[in-house]
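Worksheet: one structure, shown below.
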Amino acid sequence: MSEVRTRLAAASGQRLFWPLVVLVVLIAANTAYRPSFVSIEVKDGHLYGSLVDIVRLSAPLILVALGMTLVIATGGIDLSVGSVCAIAGSMACLHISQATDQNSLSTLFTALGLALGLALVAGAWNGLLVSVIGIQPIIATLILMVAGRGLAQLITEGQIITINSDPYRTIGAGYWLTLPVAILIAIAVTLLIAVLTRRTALGLIIEAVGGNAEASRLAGIRSRRITFLVYVIAGLCAAVAGFMITADVSSAAGSTAGLWIELDAILAVVIGGTSLAGGRFSLSGTLVGALIIQTLTTTVYAMNISPQTSLLFKAVVVIVVCLIQAPAFRARFARRRPPATPTVAAAPQKEQVPA
Amino acid sequence: MTTTDLGNLARIGRWRLPRRHVPVLATFALLLVMYGIGVSQYRAFSNIQVVFNVFIDNGFLLVVAVGMTFVILTGGIDLSVGSVVAMTAMVSASLLQNGLPPALVLLIALLIGPTLGFVMGCVIHYFDIQPFIVTLAGMFFARGMCNWISNSSIPITDPFWTSAAQERIGDPRGNFVSISVLIAFAVVAVGAYVLAYTRLGRNVYAIGGNPQSALLMGLPVARTKIMVYTISGLCSAIGGILLSFYTLSGAPLIAVGMELDAIAAVVIGGTLLTGGSGYVLGTVLGVLVLGVIQTLITFDGTLNSWWTKIVIGGLLFAFILLQRLIGIRKK
């Protein structure tokens, strides 16, 4: 019995433990409410089911959240990703809508290239403000968050651009080898970032910069270059998410595409156990966080509650997860127990980041 | 030349612009330039009613921005204000629809915002979670409440509300302001007084300047931090009432993004986002700048509303850069 308890205590000390518990509870609650929730079937060579839908719909959020994880790991934050989604999606749709043959692959790739180029500029702008000029990240990216939405509307001239391009639609709503393409793209990007950060020293360097930018600079890391890089990556991830969002509905609206996705992405990262203070990050945690948010949204839909009311549930989940992870909260309720993991107990109190 | 003259000369020679006033003065200069452009381009712009309209159309933003100034001065941020404004308007509209007396509705509406702010302040302080995340949850919560109350707009037909909305307070020449503007001015006056002349105000500046030393000096850090979020909640609630006067309805999607406008106004007004430096007067100027941009774009007629966002973004950039340059010289 005591062995089970120690194992449980060890497991609950793991960073992924509580997020996974929340996810499992959500899925279990859904299954109890509607047993068909977990069933997955193959129809017309496509995989169907609520769980598949959840993963497919969470693909854009996963992408944005992955970029956000790296930014937050350096101690920064990127509020502009939603606007970058809109800019990239609008640009791609604008180019495709002007083409004579909307279905041609060359049109598609030029459109994607143009949009990615814009996102690159946007990311570089954020990176420049933060790393070279040294403006607080939350403020630096606030500029593009406000202005970028305007730029996206400028691109679409305030209209909703509707397109009729099958290859572009595939990005958001297509299937390949029975799996939704959006999921495949999300998996590919996740693997790419995971390999980049965990098979090379990049992840370690990012964490070093997040831990203490000045110290890492003195240790020989080009911390400014790393900071710059993560904002560029975040911009590119946001652009791909923007493609998915606009491709899913075959139209781009500058004012609403990717609206508030930056907040969901930050939530996903925080729920996944990455500290907003920087210095450590968990890609798998972010994945679980994004899935939790999407599952929550789907749950609320399934229970016939209005979509906007899902915000209420989101608020509750955010506070619960943050409280569970907050050292101050844990200390208050676990005073009698010896500290479960030395890392939690010994983590130096960082000076609060003025967010 | 007498010694007094020399003394005066020396004093003049030593007189320099206090650095902390530079951003506010820059905002003021910008405001004058923008107004000047407006007057030179459009004949009707010089009409005094144009200025009054800026206040009438932005009274609620002004009130919300005053509350945001308190929070930002402590180095925090409050993302919930837009949703709290919407929730207050929504609650008022729905209670009035159910036939509650206006006085009671006002009381309830004015209590909800500060309560939420108080709770958020407690969570921020006692559990040491970033204000960004806590107020984000508050934002989701309040917006969710709006939709829970109703998915569609609720009109307000209560006689007290309609008379408050339509009352015109004016001069003999026909220019007028609404009651909301007077309430907004009152809030500004109280906010400026509290920050400049009370112990709470000094604690706010001290905590924003350096929370560690504020704590070591024995200042009531906990009480002050919780207080600023409560004040911000109260200001949002007042802003919500003013907005319900303005629109005579409560709608679940009203005031989306107002937190950004409020933050932008505070920053353009010269308050440091790291806390510790700034004035309510600057925030008033910041709101005016945003209002005049809108008016200019409306007068032009060929520019579309998205230019507002782009211009605000550009201004944010300019002022942040300015603050940064001043900050560098201080080192």
Side-chain angles (χ1 to χ4, degrees), chain A residues 77 79 83 125 129 133-136 138-140 142-154 156-158 254-255 259-260 263 266-267 270 275-277 305-320 322-323 325-330 332 349 351-355, chain B residues 72 74-77 79 83 123-148 151 208 211-212 252-253 256-257 260-261 263-264 267 272-275 304-317 320-321 323-324 327-328:
Chain A
I77 204 157
L79 295 183
S83 296
W125 162 262
L129 291 191
I133 306 184
I135 300 172
Q136 254 179 296
I138 189 173
I139 313 310
L142 180 70
I143 297 170
L144 197 58
M145 180 186 187
V146 176
R149 202 46 73 185
L151 288 173
Q153 282 171 286
L154 188 68
T156 64
E157 290 182 324
S255 54
L259 194 62
W260 304 134
L263 301 180
I266 294 167
L267 287 188
V270 173
S275 157
L276 273 175
I305 305 171
S306 88
Q308 287 86 4
T309 314
S310 72
L311 290 171
L312 214 58
F313 295 84
K314 244 185 233 176
V316 173
V317 169
V318 175
I319 280 301
V320 168
C322 282
L323 282 181
Q325 290 176 352
F329 185 81
R330 284 189 182 185
R332 215 159 262 251
Q349 280 290 7
E351 199 181 323
Q352 195 168 351
V353 177
Chain B
I72 289 183
T74 63
I77 204 154
L79 294 182
S83 304
V123 173
I124 290 168
H125 180 76
Y126 289 113
F127 300 130
D128 199 19
I129 305 178
Q130 277 97 338
F132 184 84
I133 287 294
V134 177
T135 56
L136 185 64
M139 166 183 165
F140 283 163
F141 175 80
R143 191 61 72 182
M145 284 303 283
C146 289
N147 288 285
W148 186 66
N151 273 327
Q212 299 296 327
L253 281 178
V256 166
L260 291 180
D261 284 341
I263 295 171
V267 172
L272 273 185
L273 267 148
T274 43
N304 287 301
S305 61
W306 49 83
W307 280 106
T308 317
K309 293 176 192 162
I310 298 176
V311 175
I312 293 175
L315 282 180
L316 267 178
F317 174 62
I320 289 160
L321 209 59
Q323 295 185 354
R324 180 75 195 148
I328 286 172

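Please read all numbers here as calculations on a predicted model, not as lab measurements. Lettering follows sequence order; numbering is per chain, from 1.
- At a threshold of 4.5 Å between non-hydrogen side-chain atoms, the residues A:Ile319 and B:Ile129 do not count as touching.
- B:Phe141 has its side chain out of reach of A:Val316: every pair of non-hydrogen atoms, C-beta onward, lies at least 4.5 Å apart.
- Interface summary for chain B: among A:Ile77, A:Leu142, A:Leu259, A:Leu263, the most heavy-atom pairs under 4.5 angstrom belong to A:Leu263.
- B:Ala137 approaches A:Ala315 most closely through the heavy-atom pair O-CB, 3.3 Å.
- Going from atom CH2 of A:Trp260 over to atom CZ of B:Arg143 covers 8.0 Å, rounded to the nearest 0.5 Å.
- Using a 4.5 Å cut-off between heavy atoms, A:Leu129 contacts chain B through its side chain alone, with no backbone atom that close.
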- [ ] Evaluate side-chain contact (heavy atoms from CB on, under 4.5 Å) for B:Phe140 paired with A:Leu312, printing each intermediate quantity in order.
- [x] CA-CA 6 Å; B:Phe140 283 163; A:Leu312 214 58; over 6 Å; no
Quiz item: So A:Ile138 and B:Leu273, side-chain contact (heavy atoms from CB on, under 4.5 Å) or not? Walk me through it.
Solution: CA-CA 9 Å; A:Ile138 189 173; B:Leu273 267 148; 5.9 Å; no
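- Proximity of the aromatic rings of A:Trp125 and B:Phe317 is defined here by a centroid distance below 6.0 angstrom, and this criterion is met.
- In this structure, the side chains of B:Trp306 and A:Leu151 stay at 4.5 Å or more apart for every pair of heavy atoms.
- The distance from the CD1 atom of B:Ile312 to the CZ atom of A:Arg149 is 14.5 Å, given to the nearest 0.5 Å.
- Using a 4.5 Å cut-off between heavy atoms, A:Leu144 makes no contact with chain B at all.
- Atom OG of residue A:Ser275 and atom CD of residue B:Gln130 lie 6.0 Å apart, to the nearest 0.5 angstrom.
- For chain A, the option among B:Gly257, B:Gly144, B:Ala142 with the highest count of heavy-atom pairs below 4.5 Å is B:Gly144.
- Using a 4.5 Å cut-off between heavy atoms, B:Ile310 touches chain A through backbone and side chain atoms alike.
- No part of B:Leu315 comes within reach of chain A, as not one of its non-hydrogen atoms sits under 4.5 angstrom from that chain.
- Counted within 6.0 Å of CH2 on B:Trp148, heavy atoms from surrounding residues, nucleotides or ligands total 12 or fewer; the atom is thus considered open.
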